[in-house]
Undergrad: 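Quick one: the structure is below, and I'll ask about it shortly.
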There are 2 protein chains.
Amino acid sequence: MAVSPERESDVFVAISHRARREMLDLLTETERSVGDIAAHFEMSRPAVSQHLRILLDAGLVGEHRHGRERRYHLVPERLGPVREWMAHYEQFWDNHLLRLQQQLAKGEEE
Amino acid sequence: MAVSPERESDVFVAISHRARREMLDLLTETERSVGDIAAHFEMSRPAVSQHLRILLDAGLVGEHRHGRERRYHLVPERLGPVREWMAHYEQFWDNHLLRLQQQLAKGEEE
DNA sequence: ATTATAGGTAAGCAATCACTTACCTGTCAA
DNA sequence: TTGACAGGTAAGTGATTGCTTACCTATAAT
């Protein structure tokens, strides 16, 4: 296996905090400096740094320095474990796309 | 709005613990008694009860009594907030189903 | 060189978590 | 009626969270 199950859990913990989800949401648009991100929250800048650290440890964001700034960017692939887990529950939605997928799969079998 | 944003967050917290995700997974098959659920875990039965309480408070499971048993069952709709949040990230997967959906949407527009 | 800016790290603290053991209530069985 | 069993609740505890203020380093601007 490529990724330890231990590590995957961290992703669920990382997204369990509203502020961290909002940080990820901000990064869907573009990469951002810490100051830019912090401006969207009430909490102190160190608190933002600490949240970013958790996202970084979970692999959900990456960082690169730009002068004296650090720009954070989204690493969406790391949401894979969440996506995979949620996929088990697709059966419970009346999802016309799922049915389409199943038909396609059947089509490929035959 | 039907559900307070406060409450939605609880769902993310509820699924942040591996054991609780596994409990939900068990309930995708069928409803189960606490003893049945507890048998799948190393932890004490009270610990299992406490996890079930968290899932119950989050609305992710429901309970009904059956003699001296309590059967827990999945309430998959409560995963909606997770599903909706994840939907923002669909754009980042090379998802042929998504493209299909977009084409369908386009088709409906015209 | 000096000063301002970006942002990480340390230490401290109250609140919450995850677990345990002990105990209690309600139901079924003899 | 007397156990046995299902399972929730209480209390206690160590670990972890989430935040703060204070401090430090590195880059940029004057």
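Letters A, B, ... mirror the listed sequences (proteins, then strands); counts begin at 1.
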Undergrad: What's the CD-P distance between B/Glu42 and C/dT20, to the nearest Å?
TA: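 Nearest whole value for this atom pair: 10 Å.
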Undergrad: Over all strands shown, is B/Arg20 touching base, sugar-phosphate only, or nothing at heavy-atom distances under 4.0 angstrom?
TA: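 Contact class for B/Arg20: sugar-phosphate only.
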Undergrad: Given C/dG26, D/dG8, C/dT20, identify the nucleotide with an atom nearest to the side chain of B/Arg68.
TA: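 So the nucleotide nearest the side chain must be C/dG26.
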Undergrad: Is it the case that the side chain of A/Arg78 and the backbone of A/Ala58 share a donor-acceptor pair, with hydrogens and angles ignored and the cut-off at 3.5 Å?
TA: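 Between the backbone of A/Ala58 and the side chain of A/Arg78 there is a qualifying donor-acceptor contact (under 3.5 Å).
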Undergrad: Could you state the atom-to-atom distance from CG of B/Asp10 to C1' of C/dC17 in whole Å?
TA: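 In whole Å, C/dC17 C1' lies 14 Å from B/Asp10 CG.
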Undergrad: Would you please confirm or rule out a distance under 4.0 Å between OP1 or OP2 of D/dG8 and any side-chain N or O of B/Ser49?
TA: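 For B/Ser49, the contact criterion (side-chain N or O under 4.0 Å from OP1 or OP2 of D/dG8) is met.
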Undergrad: Taking atom CZ of A/Arg71 and atom NE2 of A/His66, what is their separation to the nearest 0.5 Å?
TA: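 Taking CZ in A/Arg71 and NE2 in A/His66, the distance rounds to 4.5 Å.
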Undergrad: Please work out if A/Tyr72 contacts a base, only the sugar-phosphate, or nothing of the nucleic acid, heavy-atom cut-off 4.0 Å.
TA: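 Sugar-phosphate, no base atom in range.
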Undergrad: Between D/dT9 atom C1' and B/Glu63 atom CD, what is the distance in whole Å?
TA: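 Result: 14 Å.
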Undergrad: Nearest-Å distance, NE2 (A/His64) to C1' (C/dG7)?
TA: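 That distance rounds to 16 Å.
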Undergrad: Separation of B/Gln50 atom CD from C/dC23 atom C1', in whole Å?
TA: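 That distance rounds to 14 Å.
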Undergrad: Please pick, from D/dT20, D/dG18, D/dA4, the nucleotide with the shortest atom-to-atom distance to any side-chain atom of A/His51.
TA: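 When the side chain of A/His51 is considered, D/dG18 is the closest of D/dT20, D/dG18, D/dA4.
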Undergrad: In whole angstrom, what separates A/Leu56's CG from C/dG7's P?
TA: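 Rounding to the nearest Å, CG of A/Leu56 and P of C/dG7 are 14 Å apart.
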Undergrad: Has the side chain of A/Glu69 got a donor or acceptor atom sitting under 3.5 Å from an opposite partner on the base of C/dT5?
TA: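 Such a pair does not exist between side chain and base.
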Undergrad: Would you mind reading off the distance between B/Ile54 atom CD1 and C/dC17 atom P, rounded to a whole angstrom?
TA: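 Rounded to the whole Å, the gap is 7 Å.
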Undergrad: Can you tell which of D/dG8, C/dG7, D/dA6 lies closest to the side chain of A/Arg45?
TA: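 Taking heavy atoms from C-beta onward, the closest nucleotide is C/dG7.
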Undergrad: Would you say B/Arg83's side chain and B/Glu77's backbone share a donor-acceptor pair under 3.5 angstrom?
TA: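 Not a single qualifying donor-acceptor pair exists.
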Undergrad: Does OP1 or OP2 of D/dC19 have a side-chain N or O of A/His17 closer than 4.0 Å?
TA: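 Answer yes for this pair, as a side-chain N or O of A/His17 is under 4.0 Å from OP1 or OP2.
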Undergrad: Quick one: on DNA chain D, does A/Gly67 or A/Pro46 contact a more 5' nucleotide (nearest heavy atom)?
TA: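 Looking at DNA chain D, the more 5' nearest nucleotide goes with A/Pro46.
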Undergrad: With sequence neighbours left out, what residues match B/Asp36 under side chain to side chain donor-acceptor pair (under 3.5 Å)?
TA: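 Here the qualifying residues are B/Arg32.
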Undergrad: Round to a whole Å and report the spacing from CZ of A/Arg65 to C1' of D/dT25.
TA: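 My rounded result for the distance is 11 Å.
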Undergrad: Over all strands shown, is A/Arg70 touching base, sugar-phosphate only, or nothing at heavy-atom distances under 4.0 angstrom?
TA: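 Sugar-phosphate contact only - A/Arg70 comes under 4.0 Å of backbone atoms but never of a base.
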Undergrad: Could you check, using the six-membered ring where one of them is a Trp, whether A/Tyr89 and A/Trp93 have ring centers closer than 6.0 angstrom?
TA: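 Centroid distance A/Tyr89-A/Trp93: not below 6.0 Å, so no.
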